[in-house]
There are 2 protein chains.
Amino acid sequence: MGSKERINRHKENIRCNILRAALAIGKGSGWNSVSMRKIADSIEYSPPAIYEYFNSKEALLQELARLGFLQLSERINQARNNSDNDPKAQLLLMWAAYWDFAFAEQHLYQIMFGVETTCCDINEPLTDSQVPAALFSEVIGLLVGQVEKAGEIIQKYYYACWSFVHGLISINLIGRHLPQKISEQILTEAISGIIDTLIAPGNNLSKEPYIEEV
Amino acid sequence: MGSKERINRHKENIRCNILRAALAIGKGSGWNSVSMRKIADSIEYSPPAIYEYFNSKEALLQELARLGFLQLSERINQARNNSDNDPKAQLLLMWAAYWDFAFAEQHLYQIMFGVETTCCDINEPLTDSQVPAALFSEVIGLLVGQVEKAGEIIQKYYYACWSFVHGLISINLIGRHLPQKISEQILTEAISGIIDTLIAPGNNLSKEPYIEEV
DNA sequence: ATAGCTTTATTAACAGTGTAAAGGTAGGAG
DNA sequence: CTCCTACCTTTACACTGTTAATAAAGCTAT
């Protein structure tokens with residue numbers, strides 16, 4: 001009486017095909033163009049058949065995101081296990097693993113954290129979206145002074161601050177709320193810290209920008 | 001012959017109403033539920049009428065985002081002008097202005113930077129999406145040691161690193177590419193810097209976590 | 001003033017979306 | 001062999017963005 005298991009295996013197989021199809025379409029043409037009908041077409045079933053396996057499109061994508069989290073966790077774990085016992089080295093490798101995952105599986109990362117990539121693809125120079133960068137860069141420039149490669153340094157520090165602020169905002173907006181007070185504390189401390197490395201006399205920006213030399 | 005101007009004023013007025021209606025719906029029920037028909041309903045015109053003013057829904061939302069950038073720039077500028085001439089103090093206030101804008105106008109911020117908030121609203125404890133946090137926290141814990149309020153400190157450092165990494169990834173995915181090499185450089189330097197403040201003996205985490213005491 | 005043209009808006013329609021309800025069909029259980 | 005359950009399909013509904021055809025209004029020039 002292994003027929004039950006065979007059927008279960010079969011169902012599991014279809015479920016897996018659905019997920020694979022959705023991911024393939026998402027990777028190929030972006031998440032916006034993923035539709036139940038296209039998935040159904042791809043697995044050669046009728047659209048409502050999918051609802052035997054997932055309650056909604058939302059649930060389907062969420063399951064895909066969940067698998068993404070499993071994969072991400074696996075990579076982070078590997079990074080730790082493949083390194084020696086120094087916690088700092090471990091952390092660096094673990095974050096590098098996180099980083100690598102995000103780009104290797106960028107489509108998964110998008111649904112995991114709701115990063116819309118179709119929004120404002122303003123790549124032309126001097127649009128309104130680039131005014132903030134200009135404003136910040138000007139003031140950062142005052143701290144950097146007239147050194148060599150000032151432009152590069154300013155850009156680097158601007159992106160460092162921006163990444164931090166934008167990341168913290170995104171995480172808050174997505175719903176993983178820290179208490180606002182803690183977020184703001186993290187914010188000001190981090191920005192202040194980054195700025196201090198700019199001010200520090202004799203700083204060697206390209207090596208250890210976020211800590212004074214001992 | 002001021003009729004031409006009167007007409008232009010009228011058109012500009014309608015255009016503005018369209019934008020206002022879209023923003024109102026977006027604020028009220030989320031951007032996903034903004035539709036041309038609802039906008040049309042709201043301004044008491046037929047749906048295709050909107051296409052006299054905007055080439056597409058995409059263009060409409062992009063214009064809304066553009067106005068958001070103007071507003072953001074304005075706030076950053078004000079923050080600078082309202083402070084004294086110390087660049088560091090200015091930068092702190094400018095980033096605080098950026099932060100405040102993001103939450104005061106969070107719906108605008110969403111379309112400006114493509115932050116989907118409807119994605120994975122996993123607030124239950126111990127889901128797969130929280131495994132990465134646990135992995136990192138464990139290693140951070142090794143650095144923190146058995147001090148008082150270790151949990152809080154770990155959380156704070158985890159969120160600091162995560163914000164940074166996620167922000168940098170998001171910015172790259174959105175399309176404002178820095179050369180990958182520079183991004184990775186910023187990444188490792190920042191993480192390393194944050195970690196070092198943990199390791200530093202006698203560190204005073206709540207005051208100056210990202211720089212050693214002189 | 002009237003003819004014609006431009007602008008502005010409408011209605012109708014197309015192709016696509018997620019999803020629910022109803023119906024059929026096959027396979028296992030009694 | 002009958003019944004029942006699980007699976008799947010067809011049909012349908014209420015939406016979506018967008019286009020084509022059309023009508024009405026207003027300005028311009030004869």
Side-chain angles (χ1 to χ4, degrees), chain A residues 1-19 21-26 28-65 111 114 116 118-121, chain B residues 1-19 21-26 28-65 111 114 116 118-121:
Chain A
M1 280 302 172
S3 65
K4 205 133 202 161
E5 288 169 18
R6 188 201 64 217
I7 289 177
N8 277 345
R9 220 165 35 230
H10 183 232
K11 280 195 65 173
E12 189 51 46
N13 203 26
I14 294 178
R15 203 185 114 98
C16 189
N17 282 345
I18 293 173
L19 291 168
L23 181 56
I25 298 171
S29 344
W31 293 113
N32 274 343
S33 84
V34 171
S35 80
M36 299 302 254
R37 282 171 171 85
K38 282 180 197 163
I39 296 172
D41 245 41
S42 168
I43 62 169
E44 299 183 293
Y45 276 81
S46 68
I50 302 175
Y51 289 84
E52 292 288 325
Y53 300 87
F54 298 95
N55 287 327
S56 66
K57 184 187 178 183
E58 176 93 9
L60 199 166
L61 295 183
Q62 210 154 319
E63 173 64 6
L64 224 37
I111 46 168
E116 275 242 17
T118 54
C119 64
C120 35
D121 51 348
Chain B
M1 279 297 175
S3 65
K4 206 134 202 162
E5 287 169 22
R6 188 202 63 217
I7 289 177
N8 277 345
R9 218 165 38 230
H10 184 233
K11 281 194 65 173
E12 189 52 45
N13 203 26
I14 294 178
R15 202 184 115 98
C16 188
N17 282 345
I18 294 174
L19 290 169
L23 182 58
I25 298 170
S29 344
W31 293 114
N32 276 342
S33 86
V34 171
S35 79
M36 299 302 255
R37 281 172 171 86
K38 282 180 196 161
I39 297 171
D41 245 43
S42 168
I43 62 169
E44 299 182 293
Y45 275 81
S46 67
I50 302 175
Y51 289 84
E52 293 288 325
Y53 300 87
F54 299 95
N55 286 327
S56 65
K57 184 187 179 184
E58 175 92 10
L60 198 166
L61 295 183
Q62 209 153 321
E63 173 64 5
L64 225 37
I111 46 167
E116 275 242 17
T118 54
C119 65
C120 35
D121 50 347

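In what follows, every chain begins at residue 1, and chains take the letters A, B, ... in the order their sequences are listed.
Listed by chain and number, the residues in a salt bridge (Lys or Arg N to Asp or Glu O under 4.0 Å) with B:E12 are B:R15 (sequence neighbours excluded).
Separating the OH atom of B:Y45 from the P atom of C:dT11 is a distance of 13 Å, rounded to the nearest angstrom. Atom-to-atom, CG of B:N17 to P of C:dA9 comes out at 12 Å; the value is rounded to the nearest Å. With rounding to whole Å, A:I50 atom CD1 is found 15 Å from D:dC7 atom P. Atom CZ in B:R15 sits roughly 14 Å away from atom P in C:dA9 (whole-Å rounding). If you take NZ of A:K11 and P of D:dT5, they are 16 Å apart, rounded to a whole angstrom. Spacing between atom CG of B:N32 and atom P of C:dG18 amounts to 12 Å, rounded to whole angstrom units. Rounded to whole angstrom, the span from the CG atom of A:D41 across to the C1' atom of C:dG16 amounts to 13 Å.
Closest approach of A:A22 and A:L64 over heavy atoms only: CB-CD2, 4.0 Å. Contact record, B:I18 with B:L60: CG2-CD1, 3.6 Å, taken as the closest heavy-atom pair.
Counting any heavy atom pair closer than 4.0 Å across all strands shown, B:Y53 reaches sugar-phosphate atoms only and no base atom. If you check every strand for non-hydrogen atoms under 4.0 Å, B:I14 touches sugar and phosphate atoms only.
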Pairs of donor and acceptor atoms involving the side chains of residues 37-52 of chain A, under 3.5 Å and at least two apart or interchain, shall be tabulated with distances.
from  : atom 1 : to    : atom 2 : distance (Å)
A:K38 : NZ     : A:S33 : O      : 2.8

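Taking 4.5 Å as the limit, some side-chain heavy atom of A:Y53 sits within range of a side-chain heavy atom of A:K11. At least one side-chain heavy atom of A:F54 sits under 4.5 Å from a side-chain heavy atom of A:L19.
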Sugar-phosphate or base contact per nucleotide [nucleotides 13-18 of chain D; S, B, -; heavy atom under 4.0 Å]: ---BBB
